[in-house]
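Here the structure is laid out as structure tokens; the discussion comes afterwards.
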Amino acid sequence: MDASTARAELDLWPELPLQAWQDTYATLHMWTQIVGKIRLALTPNINHWWGVPLYVNALGLTTSAIPYAGGNFEVQFDFVHHQLIIRTCNDALLALPLVPRSVADFYRDFMAALASLGIAVKIWKMPAEIPNPIPFDQDTKHASYDPEYANRFWRILVGCEAIFNEFRAGFIGKSSPVHFFWGSFDLAVTRFSGRRAPRHPGGVPHLSDAVVCEAYSHEVSSAGFWPGSGTIDYPAFYSYAYPEPAGFRSTKVRPDAAFFSETLGEFILPYDAVRTAAQPDQALLEFLQSSYEAAANAAKWDRDALECPPGRPGVVREIQ
């Protein structure tokens, strides 16, 4: 089976109407925050909070290796077999089923599972980046899990990660990994101009000024995917620049379905425009590239120094 056949059989662009899985989305958001905060509590702080996200893998989302007591452990959401897997470097393994259960129950069982493996850790129990947060150990409101939609969401992340990495391969300047931020529940990739940014004024709802200032200490063009929320009540891709340069929002980006949201201050491309495109991968690449160019050109980035021919598998990039 070749790669294109495998991608087609997996169906990386399924429907994901927000209303159909909103309760599962809200519950899974809290579960990923609990797991993500374990990594936050035990991992050295890395620039722009790169030490805290989750990563897409062949079964779901993983913390990657978390250092602990001279070794490490990993926590993985498996959206194929629907279980949360904790594995340590001494080959201890424990799995919890992903089933409808409250956030409070998930928190209790997950922390008990860690303790049973000899992992002692405390986290701040208050969710981040959401309105009206409920402490994890008190949250009985969010208790949904639809395995079909959890799997659909993961499959979209698999498709997005591949395209985001393809886009990333055409940039030789500083770039983030493709990573999943559990606070905002989005998959993102960020390019940097190499210049310091003016101190962020803060005031981002439900996020401390200190966190924001660390995230945006340098000039960026950032893009990503999220299932939708607020005024964007559908899954969508986004792209923004910080600081936003003059002329950025008035630039025409591709494909035609993309638009600038004055409310959010970023370009938006509805997921369904990509899903139903004749060539979804190409439609997404066009959005990533054209929105990046809008930022880089308006802010006068040194594109000649920062960009390179797209990397190809097994081919060494020629250095001039």
Side-chain angles (χ1 to χ4, degrees), residues 7 11-21 25 56 152-153 155-171 173 175-176 178-181 184-193 204 215-216 219-301 303 306-307 310:
R7 285 170 64 87
D11 183 13
L12 299 182
W13 309 111
E15 294 185 23
L16 195 73
L18 180 59
Q19 294 74 15
W21 79 301
Y25 168 16
V56 178
R152 289 190 191 190
F153 177 62
R155 279 150 48 199
I156 293 170
L157 295 183
V158 170
C160 290
E161 189 211 25
I163 302 305
F164 286 8
N165 271 317
E166 185 175 343
F167 169 66
R168 184 173 181 251
F171 196 75
S175 178
S176 76
V178 177
H179 43 200
F180 182 83
F181 280 105
S184 46
F185 209 72
D186 65 320
L187 188 73
V189 63
T190 304
R191 290 178 170 184
F192 292 75
S193 71
V204 176
Y216 296 108
E219 200 172 51
V220 302
S221 171
S222 189
F225 167 81
W226 97 112
S229 60
T231 58
I232 305 297
D233 59 352
Y234 49 83
F237 299 94
Y238 65 81
S239 182
Y240 64 86
Y242 181 78
E244 182 187 329
F248 172 69
R249 63 179 59 199
S250 60
T251 305
K252 175 63 177 175
V253 302
R254 303 184 304 275
D256 290 342
F259 65 94
F260 190 86
S261 168
E262 296 290 341
T263 302
L264 298 179
E266 56 195 36
F267 286 105
I268 296 295
L269 175 63
Y271 166 71
D272 281 351
V274 170
R275 182 181 67 82
T276 60
Q279 296 179 295
D281 294 11
Q282 186 59 38
L284 178 51
L285 275 173
E286 285 185 353
F287 177 70
L288 296 172
Q289 184 63 30
S290 62
S291 58
Y292 156 71
E293 289 176 355
N297 290 338
K300 296 180 173 55
W301 287 23
R303 294 184 57 188
L306 295 169
E307 298 172 21

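Reckoned from all heavy atoms, side chains included, excluding hydrogens, waters and symmetry mates.
Ser290 places a side-chain N or O within donor-acceptor distance of the main-chain N or O of Arg254, the cut-off being under 3.5 Å. In this structure, the side chain of Ser175 does not engage the main chain of Phe171 through any donor-acceptor pair within 3.5 Å. With hydrogens and angles disregarded, no donor-acceptor distance shorter than 3.5 Å links the side chain of Arg155 to the backbone of Pro14. The closest donor-acceptor contact from the side chain of Arg168 to the backbone of Val178 lies at 3.5 Å or more, if one exists at all.
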Side chain to side chain donor-acceptor pair (under 3.5 Å) between Tyr271 and Glu15: does it pass, once the steps are laid out? CA-CA 9 Å; Tyr271 166 71; Glu15 294 185 23; over 6 Å; no
Steps toward side chain to side chain contact (heavy atoms under 4.5 Å, CB included) verdict (Glu307, Tyr292): CA-CA 11 Å; Glu307 298 172 21; Tyr292 156 71; 2.6 Å; yes
Side chain to side chain contact (heavy atoms under 4.5 Å, CB included) for Phe248 and Asn297? Distances and angles first, verdict last. CA-CA 8 Å; Phe248 172 69; Asn297 290 338; over 6 Å; no
Before giving the answer on side chain to side chain contact (heavy atoms under 4.5 Å, CB included), spell out for Leu157 and Glu161 the whole-Å C-alpha distance, their side-chain angles and the decisive distance to 0.1 Å. CA-CA 6 Å; Leu157 295 183; Glu161 189 211 25; over 6 Å; no
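Contact check for Val56 versus Val158: side-chain heavy atoms found under the 4.5 Å cut-off. Side-chain contact between Pro255 and Leu269 is present, with at least one heavy-atom pair separated by less than 4.5 Å. Annotation: side chain of Glu219 is in contact with side chain of Pro243 (closest heavy-atom distance under 4.5 Å). Using a 4.5 Å heavy-atom threshold, the side chains of Phe167 and Leu285 count as touching. Side chains of Asp186 and Phe180 form no contact here, defined as non-hydrogen atoms less than 4.5 Å apart.
Between Pro280 and Ala277, the shortest heavy-atom distance links the atoms CD-O, 3.4 Å. Nearest heavy atom pair, residue Ser193 against residue Trp301, reads CB-CE2, 3.3 Å. The shortest non-hydrogen separation linking Ala298 to Ala246 is CB-O, 3.6 Å.
To the nearest 0.5 Å, atom CG of residue Leu187 and atom CZ of residue Phe181 are 10.0 Å apart. Atom CD of residue Glu286 and atom CG of residue Asp281 lie 11.5 Å apart, to the nearest 0.5 angstrom. Atom CZ of residue Arg191 and atom OG of residue Ser239 lie 10.0 Å apart, to the nearest 0.5 angstrom. Distance check, rounded to the nearest 0.5 Å: CD of Gln289 to CD of Glu166 gives 11.0 Å.
Atom NZ of Lys300 has 12 or fewer heavy atoms from other residues, nucleotides or ligands within 6.0 Å.
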Return a table of donor-acceptor pairs under 3.5 angstrom between the side chains of residues 256-267 and protein atoms on other chains or two or more places apart.
| residue | atom | partner | partner atom | Å |
| --- | --- | --- | --- | --- |
| Ser261 | OG | Thr263 | N | 3.4 |
| Ser261 | OG | Leu264 | N | 3.1 |
| Glu262 | OE1 | Arg249 | NH1 | 2.5 |

Distance-only criterion, 3.5 Å: show the donor-acceptor pairs between side-chain atoms of residues 220-234 and protein atoms not counting sequence neighbours.
| residue | atom | partner | partner atom | Å |
| --- | --- | --- | --- | --- |
| Ser222 | OG | Thr190 | OG1 | 2.8 |
| Trp226 | NE1 | Ser229 | OG | 3.1 |

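The aromatic rings of Phe237 and Trp13 sit perpendicular, their planes meeting at an angle over 60°, well past the 30° parallel limit.
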